[in-house]
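All values derive from a computational prediction rather than experimental measurement. First the proteins, then the strands, lettered A, B, ... as listed; each starts at 1.
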2 protein chains.
Amino acid sequence: MASIKDVAAAAGVSVATVSRVLNDHPSVSDDARTRVLAAVETLGYRPNAVARSLRTDQTRTLGLVISDVLNPYFTELARSVEEEARALGYSVIIGNADERPDLQDHHVRTLLDRRIDGLLVSPAEGGSPLMLEAARAGTPMVFVDRWIPGLDVPVVRADGRAAIRDLVAHLHRLGHRRLAIIAGPAATTTGSERVEAFREALAEYGAPLPDAYIGQGDFQAESGRRVTEGFLDLPEPPEAVFATDNLMALGALDAIRARGLQVPRDMALAAFDDIPWFVHTDPPITAIAQPTGELGRAAVRALVDRIEGRPPQSVTLPARLVARRSCGEGRANDNRDDNQTPVQRSTS
Amino acid sequence: MASIKDVAAAAGVSVATVSRVLNDHPSVSDDARTRVLAAVETLGYRPNAVARSLRTDQTRTLGLVISDVLNPYFTELARSVEEEARALGYSVIIGNADERPDLQDHHVRTLLDRRIDGLLVSPAEGGSPLMLEAARAGTPMVFVDRWIPGLDVPVVRADGRAAIRDLVAHLHRLGHRRLAIIAGPAATTTGSERVEAFREALAEYGAPLPDAYIGQGDFQAESGRRVTEGFLDLPEPPEAVFATDNLMALGALDAIRARGLQVPRDMALAAFDDIPWFVHTDPPITAIAQPTGELGRAAVRALVDRIEGRPPQSVTLPARLVARRSCGEGRANDNRDDNQTPVQRSTS
DNA sequence: GGAGTCCGTGGAATCGATTACACGCTGTCG
DNA sequence: CGACAGCGTGTAATCGATTCCACGGACTCC
C-alpha cells in the first residue's frame with residue numbers, strides 16, 4: 001500500500017508538502033497542490049490512520065462498552081451512538097460485556113490499549129477496577145444508562161421515576177393490588193433505582209412491597225422466568241408483575257404461559273424499556289419507554305465536549321409510560337400510544 | 001501515559017530489553033525480566049497498540065460490515081463474530097451500513113484506513129466499488145450471509161433452498177395454494193436466491209409464481225407493510241405470504257392487522273430468519289432458521305485462516321424450517337420446534 | 001538600495017513500539 | 001592458549017505520518 005513517501009516521490013515534492021496538502025494547510029502553492037492531488041489519485045493513496053494517530057496522539061475513535069448487545073435497547077443505543085459519532089467525525093468501537101465484569105474489563109483494557117479518545121460506558125455490576133482507575137486517571141469518560149456513584153464522570157440517562165408512578169397508577173386503576181417486581185442486579189444503578197421508585201410509588205397508594213414480591217433477576221430472560229415461577233408458587237401470587245427490563249419481561253411471559261395462564265387475565269405484566277416487538281407480542285406489552293436515541297446522541301455530545309476541552313454536561317431525560325393490553329383494558333384517558341415508530345403503527 | 005522508555009528508565013535497562021520481556025523473547029536474564037516486570041507494575045504501563053501496529057504492520061483487528069444492526073439476525077451474527085474473534089486474539093470493529101451503499105462505503109474506507117487485518121462483509125446492494133477494489137488488491141476478506149459473485153473471496157452462508165422447499169410443502173399441506181413472496185433487493189444474493197428457491201419449490205407443485213405475487217422489498221419493516229398492502233388490494237389476494245427477512249415479516253403482520261384481518265385465518269405468514277421474538281408474537285411465526293452463531297464463527301475462522309496464511313474455506317450450512325402457528329395448525333408430523341433457546345422454550 | 005516581511009518548501013525530529021546487528025563476556029574445545 | 005559459539009544486552013534503523021525550524025526568493029517600504 002502506497003505511503004506518503006511514494007506520493008511525495010510521484011509528485012516531486014517532499015513529504016512535508018504532501019502532508020500539508022492532505023490537511024489543507026494554507027501555505028501550499030496551487031501548482032504543488034494539484035501535483036500532489038494527482039499523485040494521490042493515481043496511486044490510490046489513503047493516509048495510514050495508525051501512523052497519524054501515533055503522531056497526533058488522537059485516534060478519533062470512541063469506545064462504547066455496553067452490557068448486552070442482544071438486548072434491543074442496547075442495540076438501539078449503540079446505533080444512535082455510532083450515528084452521532086459519525087456526524088461529529090468519530091468512529092465507534094463497541095465492546096459487548098454480556099453482563100460479565102471480566103468481559104467488561106477485557107474490553108476496557110483493549111480499548112484503552114488502542115488509545116481511543118474517550119469511553120462511553122454502561123457499567124455492568126458496579127464497574128471494574130480498571131474502569132475506575134481510567135476514570136481517575138483522566139480518560140475522558142461518560143456513563144450512559146447506568147452509572148457508578150461517587151465518580152466525577154458525567155451521566156446521561158433516563159429518569160423513570162415519574163413513568164413508574166404512572167405505571168403504578170395505571171395498575172391500580174385497573175384493579176391490581178398485589179404488585180411484584182423483578183429487579184435487576186442491585187449493583188447496577190438501574191437495578192436498584194427502579195425498585196426504589198416502584199416502592200415509593202406503591203407507598204403513595206398505601207401499599208407495601210413485601211420481600212416476597214421482589215424477585216432478584218440479572219437482566220436476562222432466564223432470570224425473568226425463574227423469578228416469575230417463584231411468584232406463581234407463592235400461596236398468594238401477585239396480580240401484576242413489573243419486569244425492570246425487556247428481556248426479563250419476555251422470560252416472565254414465558255413462565256406465565258408455561259403454566260397455561262394468560263396475560264393479563266391471570267397476571268398482568270409490564271416492562272421497563274419499550275421495544276418494537278412489544279407491539280406484536282401476545283398480548284402487546286405495556287412498557288416504560290426511554291428516549292433511547294436521544295440518550296445515545298446526548299452521551300456522544302457530552303463525551304466529545306469533554307474530549308475537545310469543553311465542559312461536558314450530565315443529561316437526564318424523562319421516560320414515559322406506553323400502555324398496551326398486558327395489564328388489562330385501560331380506560332380511554334389512559335396514555336395509550338402504539339404509534340412510536342413505523343413498525344409499531346396501527347396495531348394492538 | 002507511561003511509555004516503553006519510562007519503563008526502561010525505571011528498570012535500568014534499554015527499551016529493547018523491555019520489548020523483549022513484553023513479547024517474551026527467550027534471551028532475557030531472569031534478573032532483567034523481574035526488574036522490567038516490576039517497573040511495568042509500578043508504572044501501570046500498558047503497551048501502545050497504535051505504535052505496535054505501525055511497526056508490525058498488523059492490528060489484530062477485524063472489520064465487520066453488516067447491513068443493519070437493528071435486525072436481530074445481524075445482531076446475533078455480530079455477537080458470534082466478536083466471540084470467536086476474541087477467542088482467536090482479535091478485536092472486531094463493526095460498521096453498520098443500514099442497507100445504504102454510501103454508508104457501506106464509508107465504513108469500508110475507515111476500516112481500511114485503520115489497517116484492519118481483514119474484512120468480514122455482508123454486502124448491501126451489490127457492494128461498493130471500494131470493496132471490490134480492496135478485494136482485488138488482496139485485502140483479506142470473507143463474505144458472510146450475502147456475497148458478490150465473480151470475486152475470489154470465500155463465502156460463509158446458509159443454504160435455504162431445502163428449507164424453503166419444506167416451507168412450500170408445509171403451506172401446501174395446510175391448503176394454501178396462492179402463495180406470494182416479499183423479496184429483498186435483487187442486487188443482494190439473499191434477495192434473489194430466496195425468490196429463486198421459492199419459485200422452484202412452487203414449480204414442484206405445478207404452481208406458478210405470478211409477478212403480482214412477487215413484492216419488491218428492501219429488508220426493512222416498512223417495505224413489508226407496503227408490499228403486503230399491495231397484495232391485499234389485489235382482486236385475488238394471496239392466501240400466504242413469505243417474507244424473506246424478519247423485519248419485512250413484521251411489516252406484513254402490521255399491514256394484515258391494520259385491515260382488521262387475522263393471521264393465519266385470513267392470511268398465512270412465514271419469514272426467513274428465525275428470531276427469539278417470533279415465539280412471542282401473536283400468532284407465533286413460522287420461520288426458516290439459519291445457524292447464525294455457527295455462521296459467524298465459521299466466517300471468522302475462514303478470515304483468520306486467510307490472514308495467517310492458511311487456505312480459507314467457503315462454508316455453506318443448511319437452514320431449517322421451524323413451523324409455528326402463523327400458517328395454520330400443522331399436523332403432528334410437522335417439524336414443530338419452539339425449543340431452540342431458553343427464551344423460546346415452552347410456548348406457542 | 002538595504003532591511004524587513006511573507007510565502008512556499010524541504011530537512012529533520014518525533015510519536016512508541018519492534019528487531020537486525022554488533023559487542024562484550026563467559027565457557028568450551030582442540 | 002587461541003578460536004569460536006552462545007548469551008544477554010544495547011544502539012540504531014524503521015514503520016508513516018505531523019510539524020517545527022530554517023532557508024531562499026520575491027516583494028514592500030522607507
What is the separation between atom [atom1] on [X] and atom [atom2] on [N], rounded to the nearest whole Å?
X	N	atom1	atom2	answer
A:Asp31	C:dG8	CG	P	12 Å
B:Asn23	C:dG16	CG	P	17 Å
B:Ile4	C:dC15	CD1	C1'	13 Å
A:Asp6	D:dC15	CG	P	11 Å
B:His25	C:dT19	NE2	C1'	9 Å
A:Leu22	D:dT18	CG	P	7 Å

### Query
Does anything in residues 50-61 of chain B reach DNA chain C, meaning a heavy atom under 4.0 Å, and if so which residues?
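Within this stretch, B:Ala51, B:Arg52, B:Leu54, B:Arg55, B:Thr56 sit under 4.0 Å of the strand.
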
Of the nucleotides [options], which one has an atom closest to the side chain of [X]?
X	options	answer
A:Arg20	C:dT9, C:dA12, D:dT11	C:dT9
A:Lys5	D:dC15, D:dT18, D:dT11	D:dC15
B:Asn48	C:dG16, C:dA12, D:dT9	C:dG16
A:Ser19	C:dT18, D:dT18, C:dG10	D:dT18
B:Ser29	C:dA17, C:dT9, D:dT9	D:dT9

#### Entry: A:Gln58, CD atom: more than 12 neighbouring heavy atoms under 6.0 Å
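Above 12, so yes.
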
### Task
Report, as yes or no, whether the 6.0 Å neighbourhood of atom CG on A:Asn23 holds more than 12 heavy atoms from other residues, nucleotides or ligands.
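Enclosed: over 12 neighbouring heavy atoms sit under 6.0 Å from CG of A:Asn23.
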
### Task
Please report how far the helix from C:dG1-D:dC30 to C:dG30-D:dC1 bends, comparing the axis fitted to its first five pairs with the axis fitted to its last five, to the nearest 10 degrees.
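One end axis against the other gives 60°.
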
### Message
Considering every strand and a 4.0 Å limit on heavy-atom distances, what is the contact class for B:Val13: base, sugar-phosphate, or nothing?
### Response
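Sugar-phosphate, backbone atoms only, no base.
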
### Query
Base, sugar-phosphate, or nothing for A:Ala32, non-hydrogen atoms under 4.0 angstrom?
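Since only primed, P, OP1 and OP2 atoms lie under 4.0 Å of A:Ala32, the category is sugar-phosphate.
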
### Task
Find which nucleotide of DNA chain D each of B:Ser27 and A:Tyr45 is nearest to by heavy atoms, and output the residue with the more 5' nucleotide.
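The residue mapped nearer the 5' terminus is B:Ser27.
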
